[in-house]
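The next block holds one structure in the form of structure tokens; read it before the comments.
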There are 2 protein chains.
Amino acid sequence: MATAARALGGYGYVSPATREQVLAAAVRLGYQPNDVARSMRAKTTRTIGFVGADIVNPFFANAMRGVSDVARQHGFDVFLTNSDERLDLEQQAVRALLVKQVDGIILAPTGVGDAPHLRSVVESGTPLVFIDRALADVPADSICIDNVAAAETAVGHLLALGHRRIALVAESPVTGDDARCPVTDDDEWAARSVPDGVSERPDDRVIVPSAARAHGYLRAHRAAGVPVDSRLARRVPRYSQEAARDEVRRMLALPDPPTALFASDNIMGLGTVVALREAGLTMPDDISLVTFDDLDWTAITTPPITVIRQPVYDMGAEAARRLLARVNGDTSPPARVELPVRLLVRGSTARPGPRSS
Amino acid sequence: MATAARALGGYGYVSPATREQVLAAAVRLGYQPNDVARSMRAKTTRTIGFVGADIVNPFFANAMRGVSDVARQHGFDVFLTNSDERLDLEQQAVRALLVKQVDGIILAPTGVGDAPHLRSVVESGTPLVFIDRALADVPADSICIDNVAAAETAVGHLLALGHRRIALVAESPVTGDDARCPVTDDDEWAARSVPDGVSERPDDRVIVPSAARAHGYLRAHRAAGVPVDSRLARRVPRYSQEAARDEVRRMLALPDPPTALFASDNIMGLGTVVALREAGLTMPDDISLVTFDDLDWTAITTPPITVIRQPVYDMGAEAARRLLARVNGDTSPPARVELPVRLLVRGSTARPGPRSS
DNA sequence: TTGTATGCGTTATCAT
DNA sequence: ATGATAACGCATACAA
């Protein structure tokens, strides 16, 4: 009888007496509701998917936590998937999520490449929210920061302190032979960071944070009228702590090494710190450092490190809020949200010392 | 007609020609399989749940990554839930996962309290695998380390170096007034870390890693014939970096401060390092430190920190493997797996120096 | 090899 | 206020 279902599901009309009976029988028989059947009928699973590069990276862990908390508040569960920055894994993950009928997807896209799988998500009607990076040609919400401005702030801080030889430690969005190409000029950067045949200005298409941060590095120099030495603005060929360490090591071995460094995220920053340690350099006397991402450890190194703080948890939470708004029928035009960042000046940055001339 | 279903699902008999036709029509019409319906029919969702305390904690992030990788290899997706070490949230999470009909659950139990919700999971037939901690009265697999032995190794290392005043920096499994009770004696420890009315020996019921590690701390002292100063073996009242810092600060202010410290995990270790920095103490000259968890940052502090390395990723991966074996029908008796740990001796430990007498 | 019919557990609709 | 019935999309048993 449907009355039992009504009592258990808490909908429709049920007399109090009957409800009691039903509920009692339910516990007695160990009734467990089945959300799969409910989802099948309701065509909504109360489930969303999160696709990040790697949950072990504190950036994605914090973002996921924000997503998870907001989702739970609204009675949603979250699938976690790692893409390892690989387009094929990202596609696979998205497909799996769609097959599982998630109500929406939050995704940190893997980069420059084509995004037909993401466009098809949008076309299929499943809400999609980008986090950390936005894909210009996919009409979806995005929760990011202003990477160009943030990097400009960080490098501007170093320039203001009097540094003139500032190294850029940033991963390369390019793979293969071009990976270690220098980044010395806005136009060259624009040409390299945009897919072939696309002619928009960088600002309109900036998608990969590391590229945007490299752009900010250049902009800060130009604003200060300081020329960039191409040997200090090479891209780290692989996205790993070790590759960053090696690149910094090379730059430190130059006849005229940098007096300061700007690392584009926490992985690059960790590798940079390792290289400085190995070289026996002391911050900020021998060299200054600013890195992205305000992780716990940046406050306990000797000295504590000046960082750009991103509101990562909030980015995740906001992404989830926007996604759930879409799930609940919000059809306003896609929004590009940029959350504010802060420069936290700590002990690793100072004016270039006599020892670092 | 069922032929279409057979072609799309890839089961049963379908002639190659028909299959081609069906597949072509499928792409033309934009067919998307629906796993909810499949799950409903198949009574299996190819989904598992992971319940950890906090994905932001690198321990759980690494474990989750191991779980996630193995799950994906087997075609399973993973729900991520955070319990924040709260029993109510853990219960809520488990209930939600069961309602969603997950095929299995991997869970780091929240502690000592009653576990009727977990027993009911097992009784409901849903496979359950514990990670990091095991609940003695719930018959399920567990993937842990030997916390007592690991702590004994760490503290034994300090004792062998000649330290006699070693501080314990460990969270308290007890909440409320007793939280800061000293841990000075095996029996007292046993009495306090076991629920009322349970009389088993500690070794049989050890569940909370911090308690087990405190136990190892005591055992190492006893084995070395070194008495424990109760003022150096207090429990940190709350599980936070700040609480650890405060506790260490107090101990450093003693008339006869410790010459070495043992921190029971990465959060406690971070707080300890902060306290040492604030006190202007240099490792290992002024004081030695061993901490649990081999995180990236422990290698880049000055000096690098001696740690106990847990195979956290492997623990997650192994938990997933065992869970999936259960899902696939393995009915062997519950296994208690203990993975090996390693002591990585780095620069933060040395013989007590003249300055630290 | 292909088609027909049925059920999974829920909820919505419609009578009663 | 309650009971009967249909439908969601898929996979199976069975018939053809």
Side-chain angles (χ1 to χ4, degrees), chain A residues 1-47 49 75-77 79 95-104 120-121 124-126 327-329, chain B residues 1-47 49 75-77 79 95-104 120-121 124-126 327-329:
Chain A
M1 52 193 178
T3 307
R6 278 190 273 261
L8 294 166
Y11 55 90
Y13 298 96
V14 188
S15 83
T18 323
R19 165 175 297 128
E20 289 308 317
Q21 279 183 293
V22 172
L23 262 47
V27 295
R28 188 158 42 78
L29 301 174
Y31 168 78
Q32 291 289 96
N34 182 330
D35 228 32
V36 171
R38 201 204 56 74
S39 295
M40 164 108 141
R41 177 69 229 208
K43 295 190 178 304
T44 163
T45 51
R46 297 186 190 216
T47 296
F76 280 67
D77 284 301
F79 280 123
R95 203 173 317 136
L97 291 172
L98 290 180
V99 167
K100 281 244 163 73
Q101 309 292 115
V102 295
D103 293 337
S120 80
V121 169
S124 82
T126 305
V327 169
N328 290 328
Chain B
M1 51 192 177
T3 308
R6 278 189 273 261
L8 294 166
Y11 51 88
Y13 297 97
V14 187
S15 83
T18 322
R19 165 176 297 130
E20 288 308 315
Q21 277 183 295
V22 172
L23 261 49
V27 295
R28 189 158 42 76
L29 301 175
Y31 168 77
Q32 291 289 98
N34 183 329
D35 229 33
V36 172
R38 202 203 55 75
S39 295
M40 165 107 138
R41 185 68 239 196
K43 297 192 177 303
T44 162
T45 53
R46 297 184 187 219
T47 296
F76 280 67
D77 284 300
F79 280 122
R95 202 173 316 133
L97 291 171
L98 290 180
V99 167
K100 281 245 162 71
Q101 309 292 115
V102 296
D103 293 337
S120 80
V121 170
S124 81
T126 304
V327 169
N328 290 327

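Protein chains get the first letters and strands the later ones, always in sequence-line order, with residue 1 at the start of each.
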Just how far, in rounded Å, is C1' of dG7(C) from CG of N34(A)?
14 Å
With a 4.0 Å cutoff (strictly under), does any side-chain N or O of Y13(B) reach OP1 or OP2 of dC14(D)?
no
dG7(C) phosphate, OP1 or OP2, under 4.0 Å from K43(B) side-chain N/O
no
Nearest of dA12(C), dT10(C), dA11(D) to any side-chain atom of R38(B)?
dA11(D)
In whole angstroms, the gap separating P of dC10(D) from CD of Q101(A) amounts to 8 Å
By nearest-nucleotide position on DNA chain C, the 5'-leaning member of G9(A) and A37(B) is A37(B)
Short side-chain N/O contact from T3(B) to OP1 or OP2 of dG3(C), under 4.0 Å:
yes
Flag, side chain of D77(A) to backbone of T47(A), donor-acceptor distance under 3.5 Å
no
Whether the side chain of R6(A) and the base of dG3(D) hold a donor-acceptor pair under 3.5 Å is what I'd like checked.
yes
Within a reach of under 6.0 Å around CZ of R38(A), are more than 12 heavy atoms found that belong to other residues, nucleotides or ligands?
yes
Rounded to whole Å, CZ of R41(A) lies from P of dC10(D) at a distance of 16 Å
Are the side chains of L8(A) and L23(A) in contact, using a 4.5 Å heavy-atom criterion?
yes
Enter the distance from R19(A):CZ to R6(A):CZ here, rounded to the nearest 0.5 Å.
11.5 Å
Classify the nucleic acid contact of Q32(A) as base, sugar-phosphate or nothing, counting any heavy atom under 4.0 Å across all strands shown.
sugar-phosphate
E20(A) CD to dA1(D) P: how many Å, rounded?
15 Å
I need the CE-C1' distance between M40(B) and dG7(C), as an integer number of Å.
8 Å
For dC10(D), does OP1 or OP2 lie under 4.0 Å from any side-chain N or O of S39(B)?
no
Checking all strands, does V14(B) fall into the base, sugar-phosphate, or nothing category for heavy-atom contacts under 4.0 angstrom?
sugar-phosphate
Would you please confirm or rule out a distance under 4.0 Å between OP1 or OP2 of dA11(D) and any side-chain N or O of Y11(B)?
yes
Closest nucleotide of DNA chain D for A42(A) versus for P16(A): which of these residues is on the 5' side?
P16(A)
Measure from CD on Q21(B) to P on dG3(C) and round the result to the nearest Å.
10 Å
Rounded to whole Å, the CG-C1' distance (L8(B) to dT2(C)) equals 15 Å
Nearest to the T18(A) side chain among dT2(D), dG9(D), dG3(D), which nucleotide is it?
dT2(D)
Across the strands shown, which category fits A5(B) at heavy-atom distances under 4.0 angstrom: base, sugar-phosphate, nothing?
nothing
K100(B) side, atom NZ; S39(A) side, atom OG - distance, nearest 0.5 Å:
6.5 Å
